[in-house]
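Below you'll find the structure, written out as structure tokens, and then a few comments.
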Amino acid sequence: MKKVQLTETVLRDANQSLMATRLPYSDYEGILADMDKAGYYSIECWGGATFDSCLRYLNEDPWERLRGLRKNLPNTRLQMLLRGQNLLGYKHYHDDVVEKFIELSIKNGIDVIRIFDALNDFRNIETALNSVKKYAKEKTIASGCISYTQSPVHTVDKYIEMCKELKKMGFDTICLKDMAGTMSPYEAENLIKGIKDAIGDMTLILHTHCTTGMAYMTITKAIESGIDVIDTATSCFSGGTSQPSTETMFYALQQYGIDCGLDEEIINKVNDYFKPIKQKYVDNGQLNPKSLATDAQALVYKVPGGMLSNMIANLTDMHAMDKFDDALAEIPKVRADLGYPPLVTPLSQMVGNQAVTNVLVGERYKNISKEVKNYIKGEYGIAPAPIDPELSKKVLGDSMPVDCRDEDKKRTGEDFTNAKEALGDLCRCEEDIMSYICYPDQTLKFLQNRKAQEENEAVYTIEEM
Ligand code: CO
């Protein structure tokens, strides 16, 4: 029997896409024991924006959350999303920090680490991969992830080449990450057939979003073309900017005679559990119903939805909405000049802002943002295609581009020493240090709160006696 397995994303990507990752652990702890029996390929529950959100908004220790998930989901693979050398942030960390982060993630309960780089510069995911291999337990899976985008240089052949490279590097599975939901059924068919031919029986995963309305068609074609795993979200947290619905895909797959290993009763129970939770956040405004709608603009304008709304907000702020059409037309030109980077954070913002600047200033690249300069210098990695030579010369002058890996490779241990020093007696474990390295201000505040809370409780207990 043909088999396609499902990764449930409600705890991470659906939560992140629909409600800015504001679900506290206490909201869903009560359903974890059931979810453990559902039969998912994995549950995506950590990484991405969850770490930042725990510390910044939810007064939760992200590591504590992970241990809770592990305890209540003993039989299910716990999955996280990792931004390669950037871990869960936007800057490159030193290799020793990346290694420690992965050691602690596995130690605290993660099984599947999905690793990507915004530019698909695989040098930026190599340290993470090697660290996973170093600290791997029996069930650990290193998943190599490709940021999917469309451009003249992103051909099927190019993607096949990338997959072969990921396989050669030693990844256990490969994931195609269509973050903007712009992969069409036609593209999925060509891509997945080509990749499957090239990588043999290695597990291939498709991650997409319903944003433009294409996801169900695309997934159906992907299944016909040999995909092994798809990402879905329990139905009340599906659709819009989130993933397609778990129960719907289960129903459709069943009729095809495709086994996805899910327990129908349990996946329905999971959805029943999350319905009132969703309603709570719709009512308090944290879940904007707009994010549940279909928005095909990304297909018309060839830019992700988030990027477009960002641009409209910027232009409105500057009372320059009359330049909207010009700015829109400038985006593909800037992207071409920069060597067709995938339009994913932070590159989508960089390209969008530069396009707006070019139009508003009235002269292309008269003003170049610091971020774009750093990108041209090579600090983010190697662009998918050569950067426009004239633009490159304008930024670099006579100097050579830098190798973004040179700085990463310095294993001085100073990040750890500095964090320890900054935290003083607030620090109790390596996890505290790692949180501080990733999000210093938020972690300091969180740990100060923790200490104050405990002291209050201690006083209270003594008085009670
Ligand atoms: Co996603």
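Just the heavy atoms: all of them, side chains too, but no hydrogens, waters or symmetry mates, feed the values below. Order of appearance sets the numbers: ligands from 1, and atoms from 1 within every ligand.
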For residues Gln354 and Asn358, is any side-chain donor paired with an opposing acceptor at under 3.5 Å?
yes
Between [X] and [Y], does at least one N-O distance fall below 4.0 Å, as a salt bridge requires?
X	Y	value
Lys280	Asp283	no
Glu103	Lys107	no
Asp121	Arg123	yes

Output, in order, the C-alpha distance, side-chain angles, deciding distance and verdict of ring pair (Phe, Tyr, Trp, His ring centres under 6.0 Å) for Trp63 and Phe101.
CA-CA 11 Å; Trp63 303 98; Phe101 188 90; 5.5 Å; yes
Taking 2.8 Å as the limit, list every protein N, O or S atom around the Co ion (ligand 1), by chain and residue number.
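Those protein N, O or S atoms (cut-off: under 2.8 Å from the Co ion (ligand 1)) are Asp13 OD2, His207 NE2, His209 NE2.
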Side chain to side chain, Glu371 and Tyr380, heavy atoms closer than 4.5 Å:
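Yes - at least one pair of side-chain heavy atoms lies under 4.5 Å apart.
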